[in-house]
Amino acid sequence: LQRSYAPAIDPTCTSRSIRAAAAAVNAAADSSVQVNASSASASYSKAFIITRLITFVGIVLGYSCFYLTRNSLTYTAPAMVADATLGITMRDIGTLTSIFPIMY
């Protein structure tokens with residue numbers, strides 16, 4: 001892996017220190033910098049990769065279930081109000097829809 005740095009410094013600059021700094025930067029940019037690719041990337045154990053994958057899948061599934069639960073009241077509210085055995089009124093549905101965002 002080679003890196004090069006080519007700064008945009010005006011060569012007509014009159015300041016001696018800026019010209020000297022520009023010359024030093026240009027000289028460093030001309031010499032190629034070698035970076036060992038194996039030292040740049042970390043090696044992870046198989047147990048860590050499996051644990052990371054399980055954690056990621058758990059987060060995705062958990063949030064998906066939470067999202068479906070949060071949005072399902074829109075579809076179930078009419079059936080809940082229509083069912084007299086539940087004893088839920090529109091006021092109760094309004095209370096639930098107000099509490100969900102607060103709890104979120």
Side-chain angles (χ1 to χ4, degrees):
L1 180 66
Q2 293 183 357
R3 296 182 186 179
S4 65
Y5 176 73
I9 298 177
D10 185 11
T12 61
C13 184
T14 58
S15 172
R16 184 183 304 177
S17 60
I18 292 176
R19 280 185 289 159
V25 169
N26 288 331
D30 290 339
S31 66
S32 63
V33 177
Q34 298 290 331
V35 176
N36 188 358
S38 64
S39 67
S41 65
S43 175
Y44 297 113
S45 69
K46 187 173 182 175
F48 174 76
I49 292 171
I50 291 171
T51 304
R52 183 174 62 179
L53 180 64
I54 290 171
T55 303
F56 177 74
V57 169
I59 290 170
V60 169
L61 289 176
Y63 187 77
S64 299
C65 291
F66 178 71
Y67 185 78
L68 291 174
T69 303
R70 181 179 61 167
N71 288 330
S72 67
L73 187 61
T74 304
Y75 304 107
T76 59
M80 292 168 63
V81 172
D83 190 1
T85 59
L86 293 176
I88 296 177
T89 64
M90 286 304 288
R91 181 178 176 170
D92 296 333
I93 297 295
T95 304
L96 286 173
T97 57
S98 297
I99 290 173
F100 279 164
I102 293 170
M103 297 304 289
Y104 181 69

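Side-chain atoms are counted along with the backbone in the values below, which use heavy atoms only and exclude waters and symmetry mates.
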- Paired with Ile54, the side chain to side chain contact (heavy atoms under 4.5 Å, CB included) test is passed by just one of Thr51, Ile50, Val57, namely Ile50
- Query: Would a hydrophobic clustering, with Ile, Leu, Val, Met, Phe, Trp and Tyr connected at side-chain separations under 4.5 Å, put Phe56 with Phe48?
  - Reply: no
- How long is the span from the OH atom in Tyr75 to the CG atom in Leu68, to the nearest 0.5 Å? 10.0 Å
- Between Ile49 and Ser45, is any pair of side-chain heavy atoms under 4.5 Å apart? no
- Is the shortest heavy-atom distance from the side chain of Thr95 to the side chain of Ile99 under 4.5 Å? yes
- Message: Taking Met80's backbone N and O only, do any of them form a donor-acceptor pair with Asp83's side chain (distance below 3.5 Å, no angle check)?
- Response: no
- What's the spacing between Ile93 CD1 and Met90 CE if we round to 0.5 Å? 7.0 Å
